[in-house]
Amino acid sequence: MSQGQPPLVSPSASSGLPARQRSQSGAEVQVTENEKYIIFRSRCQNDCSSVDMEEVRTESLGDPSRVFAIFVQKHRCYDLIPTSNKLLVFDNSLNVRKAFFALVYNGLRAAPLWDAQQQRFVGMLTISDFIHILQNYYRSALVPMEELETHRISTWRAELSNRLKPLIWISPEASLHDAVRLLLQARVHRLPVIDPATGNALFIVTHKRILKYIFLYIHQLPMPAWLARPVKQLGIGTYSDIVTIGETTPLVRVLSLFVQNRVSALPVVNGDGRLVDIYSKFDVINLAATKTYNNLDISVKEALQYRRDRFEGVSSCRGEDSLKSVIEKLVTAEVHRLVVTDSDNRVAGLLSLSDVLKALIVDCDKFGCCEAGDGDTMDSAFAPVESMDMS
């Protein structure tokens, strides 16, 4: 794993963007090239995982609490690559507005940034950047944000140079254990996987992908007894100082709360203080999709009408729910967090993917020691998973 500069790669013949070669793994790669960005669609020819699950089970027999830590130590980042993968790469000189439109159009949340002069990847463009841009340049609905229309990514990054961090990336041969620790330590949600031999960006590792991958094999693993314990009792999640918003909260205020509190979602409560919805950073990208970012004085309730996908309701849990049930709900609902509610449907806490991964992989020893009979295992109540979309 690395936080240093990624390796140099050869420039594309037709643009300043990186050339793409056949992956050393044998994956087939199709390239769709625009003037300032490239879409890489790769297809893995077979099951990339070569881990002997019996070996994982054997090593965890003496200490079942560490079964998930052992599992991610045995697997590489490349094992996460889905059968069909799409990666968007932006040239640093691309117009900011066009970049975010491209993210929306391709259904992605982030893209690596390529600097043609340096001939290397220099960072990531994420929805958080879009929020910072809106917050910095919005004045009122009567004053167009010309900066969003005219700025290039490089211009925006230059203005933020004092706040920019070096690109954090990881090798495809690094373990998933390294990836989890790097994601948690750096407090980032996305980690580009870059081949140090070719300089190619292969895909992006996320908390969501890692948990889905664990869940894919979870029925084959011995289950530590603490999986049956309540999440609040285990201390998993945040249960104090939870920031909420009302349905009438102006959107411009919501953006400020995202930045000030470094949170990725805000529960929406009604006049009685009961949970009715949630507004996440990903919902902000819908402003780009619908070109409604010039009026941020609208209420959260109005902004939520611009959701492109059908909303199934807020995914929630109770503090008394077992960790096992919480994992299953996060994966099957394909969400990044659960709102913890009390018996009156009032917000009591938030529980994120990173909270769960930290518990399974980093804090597992603590859970085992706190429990009598920590070597015991429970029968797996997870349904066997025959296949799962790893995108």
Side-chain angles (χ1 to χ4, degrees), residues 1-25 27 29-42 76-78 80-82 85-96 98-100 102-103 106 108-130 132-133 151-174 178-179 182-183 185-206 209:
M1 60 183 172
S2 177
Q3 290 182 246
Q5 290 185 328
L8 296 169
V9 302
S10 302
S12 169
S14 57
S15 75
L17 288 159
R20 190 70 174 189
Q21 306 167 1
R22 185 180 180 88
S23 168
Q24 291 181 335
S25 65
V29 178
Q30 294 180 339
V31 178
T32 303
E33 188 169 329
N34 203 319
E35 182 184 357
K36 296 297 181 184
Y37 68 84
I38 290 181
I39 304 170
F40 297 120
R41 293 180 177 86
S42 61
R76 304 170 302 157
C77 287
Y78 191 79
L80 274 189
I81 193 166
N85 180 54
K86 179 167 66 173
L87 178 70
L88 196 61
V89 173
F90 290 141
D91 188 281
N92 219 15
S93 61
L94 179 64
N95 174 272
V96 168
K98 290 182 179 179
F100 287 112
L103 283 179
N106 288 282
L108 300 174
R109 296 174 181 240
L113 296 177
W114 172 258
D115 189 306
Q117 292 184 338
Q118 298 183 49
Q119 287 295 294
R120 66 175 75 248
F121 292 102
V122 293
M124 295 279 289
L125 188 74
T126 68
I127 297 172
S128 294
D129 294 308
F130 187 50
H132 279 290
I133 291 172
H151 273 191
R152 299 180 184 274
I153 296 174
S154 56
T155 308
W156 169 243
R157 286 176 57 82
E159 292 189 5
L160 285 181
S161 57
N162 60 329
R163 289 193 288 174
L164 291 178
K165 297 179 181 179
L167 174 66
I168 301 173
W169 60 283
I170 197 165
S171 164
E173 296 301 322
D178 289 338
L182 193 52
L183 284 165
Q185 289 171 3
R187 296 186 66 182
V188 294
H189 298 281
R190 289 163 187 84
L191 187 61
V193 177
I194 298 178
D195 188 336
T198 64
N200 285 334
L202 302 178
F203 65 108
I204 297 174
V205 169
T206 64
R209 276 189 174 178

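The first residue of the sequence shown is numbered 1, and numbering continues consecutively from there.
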Would you say that [X] contacts [Y] through its side chain, given a criterion of any heavy-atom pair below 4.5 Å between the two side chains?
X      : Y      : answer
Arg152 : Asn95  : no
Leu87  : Pro112 : yes
His151 : Glu159 : yes
Leu191 : Leu182 : yes
Val193 : Trp169 : no

Work out which heavy atom in [X] is nearest to a heavy atom in [Y]; give both atom names and the distance.
X      : Y      : result
Leu125 : Asp129 : CA-OD2, 3.4 Å
Ile133 : Phe100 : CD1-CE1, 4.0 Å
Ala179 : Val205 : CB-CG1, 4.3 Å
Asn92  : Arg157 : OD1-CD, 3.5 Å
Trp114 : Val89  : CB-CG1, 4.1 Å
Ala110 : Met124 : CB-CE, 3.9 Å

Q) Hey, does the side chain of Asn200 reach the backbone of Leu202 with a donor-acceptor pair shorter than 3.5 angstrom? A) no

(Q) Determine whether a donor-acceptor pair (N or O, by modelled atom type, separation under 3.5 Å) exists between the side chain of Asp178 and the backbone of Ala174. (A) no

Q: Show the numbers, then the answer: is there a side-chain contact (heavy atoms from CB on, under 4.5 Å) between Phe203 and Lys86?
A: CA-CA 8 Å; Phe203 65 108; Lys86 179 167 66 173; over 6 Å; no

Working to the nearest 0.5 Å, report the span between [atom1] of [X] and [atom2] of [Y].
X      : Y      : atom1 : atom2 : value
Arg209 : Ile204 : CZ    : CD1   : 7.5 Å
Asp195 : Tyr78  : CG    : OH    : 9.5 Å
Gln117 : Ser154 : CD    : OG    : 8.5 Å
Ile194 : Ser171 : CD1   : OG    : 10.0 Å
Leu183 : Ile168 : CG    : CD1   : 9.0 Å

Q) Pick one: which of Leu167, Leu113, Asp115 meets side chain to side chain contact (heavy atoms under 4.5 Å, CB included) with Phe121? A) Leu167

Q | All ring-ring contact (aromatic ring centres under 6.0 Å, His included) counterparts of His132, not counting sequence neighbours | A |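 Checked His132 against ring-ring contact (aromatic ring centres under 6.0 Å, His included); zero matches.
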
**Q.** Under the side chain to side chain contact (heavy atoms under 4.5 Å, CB included) test, residues paired with Ala111 that sit two or more places apart
**A.** Leu88, Phe90, Leu103

